[in-house]
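Okay, structure first, notes after.
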Amino acid sequence: MKTAILGPAQRAEALARMAERELDILVVGGGVVGAGTALDAATRGLSTGLVEARDWASGTSSRSSKLIHGGLRYLEMLDFALVREALKERGLLLERLAPHLVKPVPFLYPLQHKGWERWYAGAGVALYDGMSISSGHGRGLPVHRHLSHKRALRVAPCLKKDALVGALQYYDAQMDDARYVATIVRTAAAYGAQVANRARVVGFLREGERVVGARVQDVEGSLDYEVRARQIVNATGVWTDDTQALIGERGQFHVRASKGIHLVVPKDRIHSTTGLILRTEKSVLFVIPWGRHWIVGTTDTDWDLDKAHPAASSADIDYLLEHVNSVLATPLTRDDVEGVYAGLRPLLAGESDATSKLSREHTVAHPVPGLVVVAGGKYTTYRVMAKDAVDEAVHGLDQRVAECVTEDVPLVGAEGYKALWNARARIAARTGLHVARIEHLLNRYGSLAEELLELVVADPSLGEPLAAADDYLRAEAVYACTHEGARHLDDVLTRRTRISIETFDRGTRSAREVAELIAPALGWDSDQIEKEIAHYQKRVEAERESQRQPDDLTADAARLGAPDIVPL
């Protein structure tokens with residue numbers, strides 16, 4: 001299979017090709033579900049297009065807890081089917097589909113009551129492990145274990161001695177959510193899908209009652225395109241109702257947004273060899289290992305303000321700090337917080353007023369001929385959602401279509417990853433990079449890391465780390481634009497890398513270096529470089545200001561102080 005390159009030229013070509021002839025499937029929305037749907041359709045032999053109004057994964061799919069998990073708390077809700085499905089998907093991703101991107105991660109669950117709680121929680125975690133193994137794809141993770149009070153404190157010395165009487169430790173998995181979506185998009189393109197970000201659907205084409213295409217606006221250019229398709233899939237997450245409104249249809253269900261915020265703190269602020277999972281009065285709180293950092297989250301509150309840039313308020317940050325500090329021997333303060341990010345979960349509206357009680361299961365509907373809607377669900381089960389969406393769309397195609405094969409289609413970078421991992425010391429010696437750098441590249445790009453190393457061979461200066469964000473090589477910024485579809489400075493600092501949340505300056509000190517590195521690939525002149533830097537700095541300041549506000553309304557108003565997109 002030829003690896004797809006998502007550079008500026010390929011984007012322009014994809015838009016032109018989508019408008020040339022009628023597609024079988026046009027997918028609207030470049031989050032994990034939309035990207036997965038495009039991959040599913042393309043691998044069934046269908047001519048497929050995928051458009052995204054902003055950047056790949058710029059909404060919910062870059063702002064999650066970065067976990068691939070079965071949803072342990074759903075067992076307590078007796079939602080066994082959802083947990084079983086998610087555990088099967090977790091195993092597939094770890095073992096077959098994306099071993100370069102999805103990694104095991106341990107969690108410690110502190111017990112606060114003697115006797116009954118160990119039995120109750122232990123039975124739940126044992127069932128979780130059992131369901132994973134019975135799925136046929138869960139043997140790669142260690143099973144849970146019971147820890148005494150002394151042993152638990154040895155594993156997690158950060159905990160207060162009186163915060164637990166013992167603990168359970170179990171395993172789930174994690175990934176970089178935005179990088180994962182970009183990899184799905186590249187995989188779909190490698191199988192023939194035409195894909196374009198910064199391409200907004202502004203209306204639908206109708207013939208009578210039937211939807212027969214979409215009007216697509218190139219956000220970065222002056223052209224509009226009419227893209228005709230036999231079936232369109234609306235996979236726009238929390239924007240589902242807005243997209244439906246373009247055809248005057250509310251749809252058969254309503255999608256409600258729930259805001260979740262996360263804090264990022266340096267690794268040395270929490271002394272532990274394992275992640276933590278804590279109960280709160282509303283849900284659960286995770287402390288998740290994240291490279292040289294920890295992610296602390298999340299909240300779960302209703303949100304009906306700006307969907308593009310949900311804002312974290314001071315109250316949200318205080319909530320997380322208060323709850324995590326209830327168990328930490330050395331409490332975290334505001335000064336420990338490197339980054340903050342907020343995302344919106346697309347939940348199917350139901351009878352419950354509390355978003356934490358709404359369903360994480362997904363729904364697929366065919367509200368009008370030619371248009372399929374998929375909504376709800378959780379990141380881990382994106383592949384199942386995509387399959388169901390394409391299955392529904394196939395009903396509207398007057399032809400025989402192959403069954404879903406994505407269970408056996410590894411993402412680009414997976415093939416050969418393990419062999420390269422075994423050879424990482426030899427690769428380090430060949431390239432002159434430290435073996436830790438090679439490991440970093442392999443765990444972000446898999447076998448595609450060879451493409452980055454080719455950039456370094458051509459220009460050895462790209463093998464140097466970024467001055468103010470030395471976890472990342474200069475080559476990664478360039479590669480983001482030449483191969484991964486990044487169009488703006490914000491795309492690189494926020495989603496292709498995580499510099500925006502992994503540095504105390506939120507990426508502002510890296511802005512100029514990165515902008516100058518990527519300018520040649522994107523055809524920028526000096527004026528555009530200055531615009532990009534100024535835009536990014538305004539965005540960061542608006543986010544900082546929003547995080548000083550007391551509530552959602554004032555935080556939202558502060559965040560909207562920065563414009564969304566930099567016109568070229």
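What's counted below: heavy atoms across the whole structure, side chains too, no hydrogens, waters or symmetry copies. Only a predicted model underlies this, so the values are computations on that prediction, with no experimental measurement involved.
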Legend entry - Qualifying residue for salt bridge (charged side-chain N to carboxylate O under 4.0 Å, His left out) with Asp218, from Arg487, Arg11, Arg200: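 The salt bridge (charged side-chain N to carboxylate O under 4.0 Å, His left out) with Asp218 is passed solely by Arg11 among Arg487, Arg11, Arg200.
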I'd like to know if [X] pairs up with [Y] as an ion pair, taking the criterion as any Lys NZ or Arg NE/NH1/NH2 lying under 4.0 Å from an Asp or Glu carboxylate oxygen.
{"X": "Arg198", "Y": "Asp491", "value": "yes"}
{"X": "Asp306", "Y": "Arg559", "value": "no"}
{"X": "Arg292", "Y": "Asp268", "value": "no"}

Give a yes or no on whether the backbone of [Y] and the side-chain of [X] come within a donor-acceptor separation of less than 3.5 Å.
{"X": "Glu52", "Y": "Arg54", "value": "yes"}
{"X": "Lys378", "Y": "His69", "value": "yes"}
{"X": "Arg506", "Y": "Glu338", "value": "yes"}
{"X": "Ser258", "Y": "Arg345", "value": "no"}

According to ring-ring contact (aromatic ring centres under 6.0 Å, His included), who are the partners of [X], at least two apart in sequence or on a separate chain?
{"X": "Tyr225", "value": "none"}
{"X": "Tyr319", "value": "His323"}
{"X": "His100", "value": "none"}
{"X": "His309", "value": "none"}

Are [X] and [Y] close enough that a side-chain donor and a side-chain acceptor fall under 3.5 Å?
{"X": "Trp290", "Y": "Gln174", "result": "no"}
{"X": "Glu543", "Y": "Gln547", "result": "no"}
{"X": "Arg334", "Y": "Ser314", "result": "yes"}
{"X": "Asp40", "Y": "Thr37", "result": "no"}
{"X": "Asp177", "Y": "Ser64", "result": "yes"}

Legend entry - Thr333: side chain to side chain contact (heavy atoms under 4.5 Å, CB included) partners, not counting sequence neighbours: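 Side chain to side chain contact (heavy atoms under 4.5 Å, CB included) list for Thr333, sorted by chain: Asp335, Asp336.
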Legend entry - Any side-chain heavy-atom pair of Trp294 and Ser272 under 4.5 Å: yes
Suppose we screen for side-chain hydrogen bond (donor to acceptor under 3.5 Å, both in side chains). Which residues come up paired with [X], at least two apart in sequence or across chains?
{"X": "Arg17", "result": "Glu13"}
{"X": "Arg437", "result": "none"}
{"X": "Ser461", "result": "Asp459"}

Sequence-distant partners of [X], salt bridge (charged side-chain N to carboxylate O under 4.0 Å, His left out), two or more places apart:
{"X": "Arg186", "value": "Glu451"}
{"X": "Arg179", "value": "Glu484"}
{"X": "Glu541", "value": "Arg548"}
{"X": "Glu464", "value": "none"}

Inset, instruction - Apply the side-chain hydrogen bond (donor to acceptor under 3.5 Å, both in side chains) test between Glu532 and each candidate in Gln537, Arg512, His488; give the one that qualifies. - result: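 The side-chain hydrogen bond (donor to acceptor under 3.5 Å, both in side chains) with Glu532 is passed solely by His488 among Gln537, Arg512, His488.
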Legend entry - Exercise: identify the closest heavy-atom pair between Asp556 and Trp303: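 Nearest heavy atoms, Asp556 then Trp303: OD1-CZ2, 3.8 Å.
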Inset, instruction - Could you pull out the closest heavy-atom pair between Ile317 and Ile261, with the gap in Å? - result: N-CD1, 3.9 Å
